Colleague: 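Sharing a structure, written as C-alpha cells. Questions coming.
Model, not experiment: these values are computed from the prediction.
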Amino acid sequence: MRAAFLLAALLCATPALAGEMPAEIAAAVKQIGPVIDPPKTAALFAPLQKKEPYVSVTVTRDERYGSDPGNRLDVFQPATAGKPLRPILIFVHGGGFTGGDKHPPGNAFYDNVMLWAVANGMVGVNIAYRLAPEHPYPAGVEDVAMAVQWTLENAAKFGGDPRRIFLMGHSAGAVHVATYVAHPEFQKVKGGGLAGAILVSGIYELTPDTDGPSQRAYFGEDLSKWPARSSLKGLVASQLPLLVARGQIDPPLFIVQGDVLNAAMCAGANGCPSYHVLQGQSHMSEIYAVNTEETRLTDEINSFVRKAK
C-alpha cells in the first residue's frame, strides 16, 4: 500500500516554477544536505533579508490571543491603509514542537514571511504558541484555533478580509495546521474559518517510523494514541483547499510524509492537493528564502491564494 502511495505521489508531483536562489547559495544549501541546520542555513539567507525598521509596513508586535505568555502574535500590514480588504496569511513556525519563536530577537526570520505577504497584497499574522514538553498535545492545535478565532474577530481592524484567511505552517507548525484542518473538534469557529491551508514539510501520519524525541515530547510516550492524533485521514476527508510542499533536500522523513499525504489525497474522493516538490530546497532554506529572489514556493502560494474562494 505504501509503495503504491509513493508511486502515485511521484506521478502527481508538480515541478517547481522558475525564480531560483543565487547559484552559490544553492550550492551551499546542497552541501549542508538533508539535515535540519537553522544556524548554517540562516547565515546564507539573512544577508538577503530586509532589516528593521521596515519601509511602508506597519508592524504590531505581541498582540495577545490567549492567556498563556506563549499566546502572542505579530500583525504586518501596509503603512497606508486602503481598500479592498486584503487576504490574511497566518504563519505558524516550526521548531520540533519544543522550540522556535515567531521572531527571535536580532533574527530576520520569520518576519520575512510577513513582509512577503504584505508586499503581495495580504495582511500577515505571525504567531507564537505553547511548546512541549511543558505543553504537550493538543496545546499546539488549541493555540492555532485561538489564533484563528482572534484573527477573525480582529481582521477588519488591520485591513484584512475575514472571508479569506489562509493558515500556513512549516515543519512542526505544519503539523499543528494539519491537525487543525483534520480535527474539527479543535476549531473554535464555524467551518474552521479558513479559505485554504498551506502545509510545508510536515508530518501527517504518525507511525513508529516517525518516532523521535521531539514527537514524543509533544504527542506523548504512548504510541498507541498516535494514530488517533494523526491528520492524514482528516486531511483526505477535508474539502478545504490545500497547498502541500516539501523540499527536494528535506530529511527523508519529510519527503515520505509529503509524498504519502499527496498520494492519499489523490486516491480520495476530494482529489489531489496542490502539491509541489521544491527543487534544490532544504528543510530550512524553503522558509528562510521567502522574500528573496527565490520565489518557487511563494509563486505557488500567490497562485493558491488567488484561486481559492
Colleague: Should we say atom CD of Q239 is surrounded by more than 12 heavy atoms from elsewhere, each under 6.0 Å from it?
Modeller: no
Colleague: Taking only residues at least two apart or on different chains, which pairs with a member in residues 177-204 satisfy salt bridge (charged side-chain N to carboxylate O under 4.0 Å, His left out)?
Modeller: none
Colleague: Can you sort out the partners of Y204 under ring pair (Phe, Tyr, Trp, His ring centres under 6.0 Å), two or more places apart, ordered by chain and number?
Modeller: none
Colleague: How would you list, by chain and number, every residue that makes a salt bridge (Lys or Arg N to Asp or Glu O under 4.0 Å) with D62, sequence neighbours excluded?
Modeller: R72, K102
Colleague: Considering residues at least two apart in sequence or located in another chain, which fulfil the ring pair (Phe, Tyr, Trp, His ring centres under 6.0 Å) criterion with F91?
Modeller: Y110
Colleague: Identify, with sequence neighbours excluded, every residue that meets ring pair (Phe, Tyr, Trp, His ring centres under 6.0 Å) alongside F186.
Modeller: none
Colleague: Indicate yes or no: does D111 engage R61 in a salt bridge with an N to O separation below 4.0 Å.
Modeller: yes
Colleague: Would you mind listing every salt bridge (charged side-chain N to carboxylate O under 4.0 Å, His left out) that reaches into residues 222-235, with sequence neighbours excluded?
Modeller: none
Colleague: Under the ring pair (Phe, Tyr, Trp, His ring centres under 6.0 Å) rule, collect the residues that match up with H283, sequence neighbours excluded.
Modeller: H170, F254
Colleague: What pairs of residues pass the salt bridge (charged side-chain N to carboxylate O under 4.0 Å, His left out) test when at least one of them lies in residues 84-98, not counting sequence neighbours?
Modeller: none
Colleague: Do the non-hydrogen side-chain atoms of L167 and Y180 ever get within less than 4.5 Å of each other?
Modeller: yes
Colleague: With under 30° as parallel and over 60° as perpendicular, where do the rings of F109 and Y288 fit, or are they tilted in between?
Modeller: parallel
Colleague: For R64, which residues count as a salt bridge (Lys or Arg N to Asp or Glu O under 4.0 Å) partner, sequence neighbours excluded?
Modeller: none
Colleague: Which residue pairs pass the side-chain hydrogen bond (donor to acceptor under 3.5 Å, both in side chains) test when at least one of the two sits in residues 117-133, sequence neighbours left out?
Modeller: N120-N302, R130-E142, R130-D143
Colleague: Which residue pairs satisfy the side-chain hydrogen bond (donor to acceptor under 3.5 Å, both in side chains) criterion with at least one member in residues 24-38, sequence neighbours excluded?
Modeller: none
Colleague: Going by the rule side chain to side chain contact (heavy atoms under 4.5 Å, CB included), which residues pair with S238 if we only count those two or more places apart in sequence or in a different chain?
Modeller: V181, L240
